[in-house]
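Following: one structure in structure tokens, then a few remarks.
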Amino acid sequence: MNKTSRKRLAALLAAGCMMLPLGGCALFGGGQTAESTMTAEEYLGEFEDIAEEMLDTQEELASFDPSAADAADEVQDMKRPYETFMALNPPKDYAEAHEEMQDGCEAMLDYIDAATGGEGAEDVSEMLQTVVDHFAEAATLIAQLDAA
């Protein structure tokens, strides 16, 4: 991934994080398993996909109906990309950034539960800020790696 693409990636993630207060974000993993270590290019591709898919979950949360017959399935569908991303095995150089993303994903799972009527609904703003903080820190770490 060239320097321009990396800057675009960081900008996309930052823009996605700024949109989080409007309803949430989504992460999509690409089927990578925890057993295999990804290349930097593969990991950055997954990271870029996350930034590009954030708006989808925002829309899902905005239109979520907890009384719908398939509400539980919808919640699980919103969570699945985060769970998949957390299981990725990044390249060694990206381990610290991935830890930040894992923390952000955990916080996002809690946020989804709260935003869809689960426990902790009173702390939604704090939860969302935690997600944004972790994702922003991960973007900063990746940008630093790219600049080196």
Side-chain angles (χ1 to χ4, degrees), residues 1 5-38 40-91 94-146:
M1 184 173 277
S5 294
R6 291 180 182 157
K7 285 182 181 180
R8 182 176 157 258
L9 167 65
L12 280 170
L13 187 60
C17 286
M18 288 187 290
M19 296 300 294
L20 280 171
L22 299 178
C25 73
L27 302 178
F28 284 90
Q32 187 76 17
T33 64
E35 293 84 36
S36 59
T37 301
M38 302 175 82
E41 186 174 291
E42 290 170 332
Y43 187 75
L44 291 172
E46 293 292 329
F47 195 78
E48 188 170 321
D49 288 347
I50 290 165
E52 292 174 357
E53 295 295 335
M54 284 182 167
L55 295 175
D56 288 347
T57 298
Q58 292 176 6
E59 291 173 13
E60 291 171 19
L61 285 171
S63 63
F64 180 74
D65 179 4
S67 65
D70 64 345
D73 290 337
E74 286 183 49
V75 171
Q76 287 308 310
D77 288 345
M78 283 187 253
K79 290 180 173 184
R80 192 168 292 111
Y82 294 93
E83 295 163 344
T84 300
F85 188 85
M86 289 179 352
L88 296 177
N89 193 2
Y94 292 85
E96 186 178 359
H98 189 68
E99 285 180 30
E100 281 295 332
M101 288 300 293
Q102 286 177 314
D103 291 344
C105 288
E106 284 287 342
M108 192 64 191
L109 294 173
D110 292 340
Y111 174 74
I112 289 170
D113 283 338
T116 57
E119 292 184 28
E122 65 280 350
D123 300 325
V124 169
S125 294
E126 265 183 50
M127 291 175 177
L128 191 55
Q129 188 59 52
T130 300
V131 172
V132 171
D133 291 346
H134 285 295
F135 288 179
E137 180 62 22
T140 299
L141 290 169
I142 287 176
Q144 289 170 351
L145 286 170
D146 292 339

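Positions are given from 1 along the sequence. Just so it is clear, the values below take in all heavy atoms, side chains as well, and ignore hydrogens, waters and symmetry mates.
With sequence neighbours left out, the side chain to side chain donor-acceptor pair (under 3.5 Å) criterion links S63 to no other residue. Here P66 pairs with F64 under the side chain to side chain contact (heavy atoms under 4.5 Å, CB included) rule; sequence neighbours left out. E100 pairs by the side chain to side chain donor-acceptor pair (under 3.5 Å) definition with H134, not counting sequence neighbours. Every residue meeting the side chain to side chain donor-acceptor pair (under 3.5 Å) condition with Q129, not counting sequence neighbours, appears here in chain and number order: D133. Taking E106 as the reference, M86, L109 meet the side chain to side chain contact (heavy atoms under 4.5 Å, CB included) condition, with sequence neighbours excluded. In this structure, the side chain to side chain contact (heavy atoms under 4.5 Å, CB included) partners of Q144, at least two apart in sequence or on a different chain, are T140, L141.
Distance check, rounded to the nearest 0.5 Å: CG of D77 to CG of D70 gives 8.5 Å. Distance CE/M38 to OH/Y94: 11.0 Å, rounded to 0.5 Å. In this structure, the separation between OG1 on T116 and CG on D65 is 11.5 Å, given to the nearest 0.5 Å. Annotation: the span from D113 atom CG to M127 atom CE amounts to 8.0 Å, rounded to 0.5 Å.
The shortest distance between side-chain heavy atoms of K79 and Q76 falls below 4.5 Å. Taking 4.5 Å as the limit, some side-chain heavy atom of Y43 sits within range of a side-chain heavy atom of H98.
Residues C105 and F85 come closest through the heavy atom pair SG-CD2, 4.0 Å. Nearest heavy atom pair, residue I112 against residue M78, reads CD1-O, 3.8 Å. Listed here is the closest heavy atom pair of A97 and A138: O-CB, 3.6 Å. The shortest non-hydrogen separation linking P90 to A95 is CG-CA, 4.2 Å. Taking all atoms of both residues into account, the shortest heavy-atom contact from T130 to A107 is CG2-CB, 3.8 Å.
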